[in-house]
Every structure is written in C-alpha cells, then in structure tokens.
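Have a look at the structure below before the remarks.
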Amino acid sequence: MNRIASSFRALRRRGETALVPFLTAGYPGPGALPDLVEAVAEAGADLIEIGLPFSDPLADGPVIQHSSQQALAQGMSIARALDEAAAARRRVELPLVMMGYLNPLLAYGLERFCAAAVRAGVDGLIVPDLPVEESAALRRAAKRAGLAPTFLIAPTSTAERIAAADRASAAFSYCVALTGTTGAALGVGSELRRYLKRVRRLARKPYVVGFGVSRPDQVRALAGLAHGVVVGSALIRALDAGPRSGARRRAFALVARLKQGTLP
C-alpha cells in the first residue's frame with residue numbers, strides 16, 4: 001500500500017489530522033534536508049512535503065521564494081534534491097511528497113523524474129502550475145512509476161473542478177486556503193469554512209489545506225475542516241531565525257507545537 005494512503009487511514013482511525021511540514025531541498029544549505037526531515041518526523045509530522053527549488057515559483061510567497069533562490073545559488077538541482085530525498089528516506093518511514101513546477105520537470109523528463117523519485121523513496125508529487133485538464137502525460141508517467149500525483153483545489157474552483165482534482169489525485173488533493181501565494185496572512189473565517197465544507201461534500205479522497213498556516217490556533221481551527229494541514233513559510237522562517245547549527249532544533253520545536261493542534 002502507498003505510504004500516503006496508509007498514513008491517512010491510520011490517522012483516521014486515531015481521529016487525528018495530518019500535519020504536513022514543507023521544506024525546501026537545499027535550504028538552508030546543501031545536505032540540510034535529511035537532518036531536517038528527521039527532525040520534523042521526530043516532532044510529530046505525518047507527511048513531509050519537499051520543495052524542488054525553481055527560479056519562478058509562481059505559487060510561492062517571498063519566504064519560500066527566498067529559500068528557492070538561495071538553494072539554487074548553492075547548486076541545488078533536481079538530481080541533487082533526489083539524492084537528498086533518498087538520504088532522508090533512509091532515516092524516516094513517513095510519506096515524502098515532492099512539490100515542483102512543471103518546466104523543470106519537463107526539462108528533466110517526466111518519465112525519468114517519476115522513476116527516479118520512486119527510486120529515491122518519494123511517494124507523491126504536487127505540480128502547482130499544472131491544471132488537471134493538461135495533466136494526462138504526467139499522470140501516465142506517475143502511474144507507471146508508482147508515484148501518487150496530487151492536484152490543487154482553489155477557493156474559486158467550481159464543483160466540477162473540485163471533483164476533477166479529486167479524481168485525478170491518487171491519494172489526496174491540496175486545498176489552497178486563499179487566492180494568493182504562500183505565506184500570506186490567513187484568517188480561519190466563515191468563507192474559508194464554507195469552502196472547505198464544500199470540498200468535503202464533493203471529494204471522495206482525503207484533502208489537505210495550506211497557504212498561510214503558521215500558528216497552532218490556525219492548525220486547531222482547520223483540523224476539523226480538512227484531513228491535513230500544510231505549514232511552509234512559518235517553518236522556513238524558523239530555519240532563518242538563527243544560525244544554521246540550530247536549524248534542526250528550531251524546526252523540531254515549531255513542528256512539535258503545531259502538532260498539538262492536530263490531536264483530538
């Protein structure tokens with residue numbers, strides 16, 4: 001069974017919501033990813049999202065953009081990110097999901113990337129700039145390799161698009177909490193609640209919610225509205241809050257605090 005599906009089933013049995021930390025491969029420096037993956041796993045993460053750095057990350061706000069730029073400047077590439085993911089896999093059993101933009105994946109080769117990702121121990125893939133309607137080639141490559149694709153749902157998505165993203169997503173879909181980029185301020189108000197309740201009525205698979213989640217109270221408020229909560233910019237800011245030698249400790253501390261909001 002795919003690690004992702006297995007994880008969501010176990011969480012459902014325990015009445016818990018998945019906590020999904022986001023880390024940028026190659027940030028805060030080359031070789032950092034395995035240590036950070038291990039730290040957030042020990043702190044209580046349920047799935048881990050690994051961002052592939054890209055020079056034009058249209059869905060990402062300034063914090064994650066900065067982490068991508070720094071990682072690229074220090075030589076991070078898809079091949080190196082896969083090597084670091086493989087090293088992380090040797091330390092943890094949790095599902096690993098990569099997030100990458102379409103152009104670098106096309107340049108690398110969809111079939112080649114999906115096969116290499118699975119060899120590295122990666123379980124899933126999110127491509128935020130790939131619409132479901134244009135995803136047939138990626139879905140074919142992912143299916144052949146055994147990689148689970150995830151598609152995005154937005155607050156503006158129609159019922160038809162929500163259902164299409166749910167069908168095309170192999171294990172879970174990803175609800176963008178707001179119309180904007182990652183790291184923007186998020187209020188868990190009535191509009192967001194209505195949106196996520198609409199997704200719950202239409203989706204047949206688990207779904208996570210992300211963009212703007214940074215505090216335990218936000219995680220707690222979202223826990224009953226989604227099957228998982230993604231935290232990205234807040235974690236990158238924690239890595240930036242002191243010397244690199246303390247990055248692992250700061251990552252652990254933040255994820256441990258956020259995890260409390262996902263428990264029943």
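Among residues two or more places apart in sequence or in another chain, the ring pair (Phe, Tyr, Trp, His ring centres under 6.0 Å) test is passed with F22 by none. Under the salt bridge (Lys or Arg N to Asp or Glu O under 4.0 Å) criterion, R14 pairs with E16, sequence neighbours left out. Scored by the ring pair (Phe, Tyr, Trp, His ring centres under 6.0 Å) test, H227 finds Y207 as partners (sequence neighbours excluded). For F8, the ring pair (Phe, Tyr, Trp, His ring centres under 6.0 Å) criterion is met by F172, not counting sequence neighbours. Applying the ring pair (Phe, Tyr, Trp, His ring centres under 6.0 Å) criterion to Y101, with sequence neighbours excluded, gives F54.
Rounded to the nearest 0.5 angstrom, I153 CD1 and S169 OG are separated by 6.5 Å. Rounding to the nearest 0.5 Å places CZ of R200 at 7.0 Å from CG of L225. In this structure, the separation between CG on L239 and OG on S67 is 8.5 Å, given to the nearest 0.5 Å.
Judged by the 6.0 Å distance and 45° axis criteria, R112 is positioned over the aromatic ring of Y108.
No donor-acceptor pair under 3.5 Å is formed between the side chain of R248 and the backbone N or O of L36. Judged purely by atom type and a 3.5 angstrom limit, S135 uses its side chain to pair as donor or acceptor with the backbone of V132. The backbone N or O of H66 lies less than 3.5 Å from no partner atom in the side chain of Q70, so there is not a single donor-acceptor pair.
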Side-chain donor-acceptor contacts of residues 76-91 below 3.5 Å, not counting sequence neighbours, with atom names and distances?
{"residue": "S77", "atom": "OG", "partner": "R80", "partner atom": "N", "Å": "3.2"}
{"residue": "R80", "atom": "NH1", "partner": "G75", "partner atom": "O", "Å": "2.8"}
{"residue": "E84", "atom": "OE1", "partner": "L33", "partner atom": "N", "Å": "3.3"}
{"residue": "E84", "atom": "OE2", "partner": "G31", "partner atom": "N", "Å": "2.6"}
{"residue": "R89", "atom": "NE", "partner": "G121", "partner atom": "O", "Å": "3.0"}
{"residue": "R89", "atom": "NH1", "partner": "V92", "partner atom": "O", "Å": "2.8"}
{"residue": "R89", "atom": "NH1", "partner": "L94", "partner atom": "O", "Å": "2.9"}
{"residue": "R89", "atom": "NH2", "partner": "L94", "partner atom": "O", "Å": "2.9"}
{"residue": "R89", "atom": "NH2", "partner": "G121", "partner atom": "O", "Å": "3.0"}
{"residue": "R89", "atom": "NH2", "partner": "D123", "partner atom": "OD2", "Å": "2.9"}
{"residue": "R91", "atom": "NH1", "partner": "D35", "partner atom": "OD1", "Å": "2.5"}
{"residue": "R91", "atom": "NH1", "partner": "E38", "partner atom": "OE1", "Å": "3.1"}

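Side-chain N/O atoms of T17 and T262 include no donor and acceptor closer than 3.5 Å.
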